[in-house]
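Scroll down for the structure; my scribbles are underneath it.
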Amino acid sequence: MGQAALKPLITALNRRQMPTASNRAATKGSGLPSHNTIALALMLLAGCGGSSETRLRKQLATQTTGTIHLPAGVIEISSEMALAQGAHDLEIAGGAGTVLKATDGFRGRAILVIDGAKNIRIRDFSIEGNRETAPKVLEMAPPENYFRLWYPDNGILADRVEGLEISGVHLTYVSSFPILVSRCEGIRIDKVTVEDSGSRNGQGRNNLSGGILLEEGSRRFEVTDSVFNRIAGNALWTHSLRISPRLEDGVFAHNRFDTIARDAIQVGAASRVSVEDNTGRNIGYPVPLVDVEHGGTPVGVDTAGNVDQSTYARNHFEEVDGKCFDLDGFHDGAVRGNQCINRKPAEAYPFGHFGIVMNNTDPDMHSANIEISDNLFDGMKFGGLFLIGGPHTVTSNRFLNLNTAGCNQNAAIQCVYKADEPKMLESGIYLGRGGEHPADTRGNTIRDNTISGHGMKTHCIEAAPGVEPAANKIQGNVCSDGGPAR
């Protein structure tokens, strides 16, 4: 029915000639529309209001509370759709097979933008970017840049939101970050799936993007029971500029990671974060995506900036082509009951490393008061633990089948990282004299650890020149060559 045919119905509606029980008989045969005809006309009029994208865009921009039910099926999105400023107590719920799909010509910060809102719930639909059909080259954000401003083409961008819940959302082929949360408080992300996302830089390497990022002082956040597959950059992480507040009070728990080219998890510039019961495999793959030029060594659980009062516990990783745990900036916290197992020969891990590495890149922190206990690290390319600073306690860990590279006897592998510290890579536990900055390594307790692998009977615990082993309490450790069969 065209607009011309609808004119008599519109006129009748304007005259309010809707039939009632009292006048139904009068309208019969009068030429005026019946009740059923008017209802049909209203449905047809609703369908004449433009595309699904246009109607949805208008509803998101005008409805500030209640529930928005997304249409079923695929809706192609050509530019960012933003919620109304001041939206509150609003739910956005998917329909049957709802997919918000970026067109090849999509332009915008994200497919869905939420700014300055309160108590927003997003659930049960899919977002599909255009990474595969319209790939983009983007360099990694320079230091001290807000990621929400640097990276376009995200999936969901939330900025200055108080109370945000995202659940049951499936995000694929997003060029930048499937979910980017900035300056928010009270965030709960649960049972989401992120796959095949993240773009590349000019060298064809990852540019950090591809996962879920929380940045710029966001507080009270949790990401739980979610799945990350084939992510080009970091899969799940936090970040803040040095001039910004650190993130606070977070939980990353029960998430699963597979084939991540940078870090599975990174805690950056944060306080009071629990990383617990996560599992991951194939970290640092595919190898060509690893950001060699910027030193982007892959890590199971990474740390950056100044991070304190945090716990990394009961996480399990297999096949990590890099470091299992990087404690760069980590202090006054605990690493307990984790496992990291590599089963292949050293040549399979071009970026293979120590199991745990401490560092002090951020000048505002000092590596101190870390508990490392009851962990299993099996099959590391080099040593089990690179330790700086103190006091720390390192107790009841199993560092097994270490130094699969065969340092320093294997001429096929570069085993001397620093000419004046030749024992570093062949040791089980290495007491370093510093990382990015010098550190006074003393007052540490290293007790009741099992250390095995190539040359471990001789090089079980070594110290850098200038570091006094006697300034640390080292006792009850069991060291042996070889190692238990897997």
Side-chain angles (χ1 to χ4, degrees), residues 140 177 194-201 203-213 227-237 239 252 255-268 275 278-304 312 315-328 335 338-359 375-386 399 401-405 407 412-415 417 425 486:
M140 180 172 62
F177 294 100
V194 179
E195 296 181 311
D196 300 297
S197 291
S199 52
R200 303 187 184 194
N201 63 21
Q203 289 77 39
R205 317 295 191 186
N206 78 75
N207 59 14
L208 299 173
S209 66
I212 294 177
L213 168 65
V227 176
F228 301 80
N229 292 326
R230 299 176 300 278
I231 307 302
N234 294 336
L236 174 58
W237 58 308
H239 176 269
F252 293 159
N255 302 291
R256 302 187 300 280
F257 304 85
D258 194 341
T259 313
I260 314 297
R262 203 172 183 114
D263 299 341
I265 297 172
Q266 182 184 115
V267 179
V275 179
N278 302 282
T279 61
R281 61 190 304 272
N282 298 323
I283 311 304
Y285 300 97
V287 170
L289 278 181
V290 175
D291 185 17
V292 181
E293 289 77 11
H294 297 97
T297 301
V299 187
V301 178
D302 200 358
T303 317
Y312 303 160
N315 302 285
H316 182 100
F317 290 93
E318 297 186 7
E319 303 307 326
V320 177
D321 185 15
K323 311 169 194 174
C324 293
F325 287 78
D326 190 324
L327 306 181
D328 186 0
V335 180
N338 302 282
Q339 295 185 358
C340 185
I341 301 171
N342 284 350
R343 295 183 173 86
K344 300 174 184 177
E347 292 75 14
Y349 309 102
F351 304 103
H353 217 287
F354 276 74
I356 303 178
V357 176
M358 296 182 183
N359 202 350
N375 301 284
L376 168 64
F377 294 89
D378 188 345
M380 302 301 100
K381 186 172 183 177
F382 300 121
L385 169 63
F386 179 88
F399 299 106
N401 297 296
L402 300 179
N403 192 14
T404 61
C407 295
I413 292 180
Q414 178 62 42
C415 284
Y417 178 65
L425 300 188
R486 300 192 184 100

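Each residue takes its place number in the sequence, starting with 1. Since the model is a prediction, treat every value here as computed from it, not as a measurement.
- Judged purely by atom type and a 3.5 angstrom limit, Asn278 uses its side chain to pair as donor or acceptor with the backbone of Phe252.
- Here the CD1-CG distance, from Ile231 to Asp196, works out to 7.0 Å after rounding to the nearest 0.5 Å.
- Inter-residue side-chain proximity for Leu236 and Phe257 is flagged as met; some heavy-atom pair is nearer than 4.5 Å.
- Inter-residue side-chain proximity for Val299 and Gln266 is flagged as unmet; no heavy-atom pair is nearer than 4.5 Å.
- Remark: side-chain polar atoms of Asn338 are paired, donor with acceptor, to backbone N or O of Asn315 under 3.5 angstrom.
- Closest approach of Phe382 and Leu425 over heavy atoms only: CB-O, 3.6 Å.
- In this structure, the side chains of Asn359 and Phe386 stay at 4.5 Å or more apart for every pair of heavy atoms.
- Each of Arg281, Arg343, Lys344 was scored for a salt bridge (Lys or Arg N to Asp or Glu O under 4.0 Å) with Glu318, with one residue passing: Arg343.
- Shown here for Ser199 and Ser209, the closest heavy-atom pair between the two residues is N-OG, 3.1 Å.
- Contact record, Val267 with Val275: CG2-CG2, 3.7 Å, taken as the closest heavy-atom pair.
- At least one side-chain heavy atom of Leu327 sits less than 4.5 Å from a side-chain heavy atom of Tyr312.
- Atom CD1 of residue Ile212 and atom CH2 of residue Trp237 lie 13.0 Å apart, to the nearest 0.5 angstrom.
- In this model, a donor atom of one side chain and an acceptor atom of the other lie less than 3.5 Å apart for Asp258 and Asn282.
- Between Ile356 and Cys324 there is no side-chain heavy-atom pair separated by less than 4.5 Å.
- Here the closest heavy-atom approach between residue Ile283 and residue Gly300 is recorded as CG2-N, 4.3 Å.
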Query raised in the report: When you look at Ile341 and His316, which way does the side-chain contact (heavy atoms from CB on, under 4.5 Å) test go after all the steps?
Result: CA-CA 8 Å; Ile341 301 171; His316 182 100; 4.1 Å; yes
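- Distance check, rounded to the nearest 0.5 Å: CG of Asp263 to CG of Asn234 gives 4.5 Å.
- Under the 4.5 Å side-chain criterion, counting only non-hydrogen atoms from C-beta, Phe325 is not in contact with Asn375.
- Checked by atom type and distance alone, the side chain of Asn342 pairs as donor or acceptor with a backbone atom of Glu319 at under 3.5 Å.
- If you take CZ on Phe317 and CD1 on Ile265, they are separated by 5.0 Å, rounding to the nearest 0.5 Å.
- The two residues Gly384 and Leu402 come nearest to each other via the heavy atoms N-CD1, 3.6 Å.
- When all heavy atoms of Gly284 and Asp321 are compared, the pair lying nearest together is O-OD2, 4.0 Å.
- Within the 4.5 Å cutoff, side-chain heavy atoms of Pro298 are placed close to those of Val290.
- Side-chain atoms of Asp291 and Asn206 include no donor-acceptor pair closer than 3.5 Å.
- For the pair Thr303 (side chain) and Asp326 (backbone), a donor-acceptor distance under 3.5 Å is present.
- Distance check, rounded to the nearest 0.5 Å: OH of Tyr285 to CD1 of Ile260 gives 13.0 Å.
- Residues Tyr349 and Thr404 have side chains that never bring a donor and an acceptor to within less than 3.5 angstrom of each other.
- Counting only heavy atoms from C-beta outward, the side chains of Met140 and Asn201 never approach each other to under 4.5 Å.
- Once rounded to the nearest 0.5 Å, the distance linking CG of Asp378 with CG of Asn401 reads 4.5 Å.
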